[in-house]
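Some notes on the structure that comes next.
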Amino acid sequence: MRKPVIAGNWKMHTTASEAGLMALELKRLLAHVEGCEIVVSPPFTNLDEVHRHLKGSNLKLAGQNLYWRSTGAFTGEISGPMLKSVGCEYVLVGHSERRQHFGDTDATVNLRMKAALEHDLTPIFCFGETLQERNDSRTWEVLTRQVVQGLMGVPESIIPRIILAYEPVWAIGTGQTATTEQAQEAHAFLRELMSESYPRFVAQSCRILYGGSVKADNVDALMALPDVDGVLVGGASLDAASFARIVQYEPC
Ligand code: PEP
């Protein structure tokens with residue numbers, strides 16, 4: 001049985017005080033929720049504030065990125081031990097906005113992945129095709145390359161710890177969610193891809209999240225899909241009531 005994960009990516013939104021208020025509100029709204037992992041990913045500057053508010057709650061904390069070295073002369077970077085020190089248990093790796101705007105490649109995503117694992121952070125490994133790649137019928141080729149290269153050198157025994165997040169770039173922040181058919185097709189493809197590289201039980205235990213314009217009004221249908229084990233939510237996670245509704249999805 002794969003435990004669902006509902007994760008909110010706050011991107012570059014919220015000041016420390018706004019993030020603190022959001023954390024308190026989510027903690028209040030979601031205190032009774034069991035049966036799924038709830039993760040929020042505020043900007044680096046707000047992790048400590050959010051951590052203090054969420055201590056002892058059922059909400060977990062993720063960094064939005066990490067550098068692969070632990071310490072050193074790398075101005076502006078954040079390392080795994082730093083994330084751990086402010087209460088992070090998860091970290092996003094390879095988000096499409098990092099790939100698009102900040103030069104992340106499959107090779108650097110792989111380095112970040114290994115750094116996350118080395119520091120006992122659960123990677124939420126993001127990947128997905130662009131609209132151009134989909135229109136060119138290259139979706140499966142792109143997903144295969146991103147997943148295989150992102151996981152390169154990761155021992156098989158560690159794979160079940162990694163959370164995969166399929167996020168078609170054309171669906172992120174656009175309001176254009178993948179249809180349930182598109183999402184299930186991609187997730188089934190990814191599970192099959194995992195079972196080609198690892199034993200079937202590993203592929204079966206791997207959680208695969210969907211991300212891309214998930215909202216309160218489409219989460220129920222997405223969570224009903226057999227290979228969707230959770231969602232990664234951007235915009236809609238910035239409103240406490242809407243994120244709380246997403247966490248309390250009712251698969252239909
Ligand atoms: C994201 O940031 O990972 C994301 C999926 O954003 P949105 O929900 O806004 O499309």
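In this chain, numbering begins with 1 at the start of the sequence shown. Both ligands and their constituent atoms are indexed starting at 1 by order of listing.
Between the side chain of D220 and the backbone N or O of Y249, no donor-acceptor pair lies under 3.5 Å.
At a heavy-atom cutoff of 4.0 Å, ligand 1 is contacted by both the backbone and the side chain of I172. No part of C126 comes within 4.0 Å of ligand 1, judged by heavy-atom distances.
For ligand 1, the atoms lying closer than 4.0 Å to a non-hydrogen atom of G173 are 7 (P), 9 (O), 10 (O). Residue contact check: G235 has heavy atoms under 4.0 Å from atoms 7 (P), 8 (O), 9 (O) of ligand 1. Close approach of ligand 1 to A171 is summarised as follows: ligand atoms under 4.0 Å from at least one heavy atom of the residue are 10 (O).
A236 does not count as a contact of ligand 1, since none of its heavy atoms falls under 4.0 Å from the ligand. The shortest heavy-atom distance from K215 to ligand 1 is not under 4.0 Å. Look at A165 and you'll find every heavy atom at least 4.0 Å from all atoms of ligand 1.
Looking at ligand 1, you won't find any N or O of L232 less than 3.5 Å from one of its N or O atoms. Checking only distances, E97 never comes within under 3.5 Å of ligand 1, N or O to N or O. Considering backbone and side-chain atoms together, T174 places no N or O closer than 3.5 Å to any N or O of ligand 1.
Among protein heavy atoms, atom 1 (C) of ligand 1 sits closest to H95 NE2, 3.2 Å. The closest protein non-hydrogen atom to atom 5 (C) of ligand 1 is E167 OE2, 3.1 Å. The protein non-hydrogen atom at the shortest distance from atom 8 (O) of ligand 1 is G234 N, 2.8 Å.
Salt bridge E37/K60: absent, no basic N to carboxylate O contact under 4.0 Å. For the pair K3 and D229, the salt-bridge criterion is not met [side-chain N within less than 4.0 Å of a carboxylate O]. Salt-bridge formation is detected for the pair R161/D120: a Lys NZ or Arg NE/NH1/NH2 atom is positioned less than 4.0 Å from an Asp or Glu carboxylate oxygen.
A 4.5 Å side-chain heavy-atom check between F125 and I208 finds every atom pair outside the cut-off.
Aromatic ring orientation, F127 versus Y166: tilted (interplanar angle from 30° to 60°).
With Y67 as the aromatic partner, R69 does not meet the cation-pi criteria of under 6.0 angstrom to the ring centre and within 45 degrees of the ring axis.
Taking all atoms of both residues into account, the shortest heavy-atom contact from N58 to A31 is ND2-O, 3.7 Å.
Every side chain to side chain donor-acceptor pair (under 3.5 Å) that R145 has, sequence neighbours left out, goes to D106.
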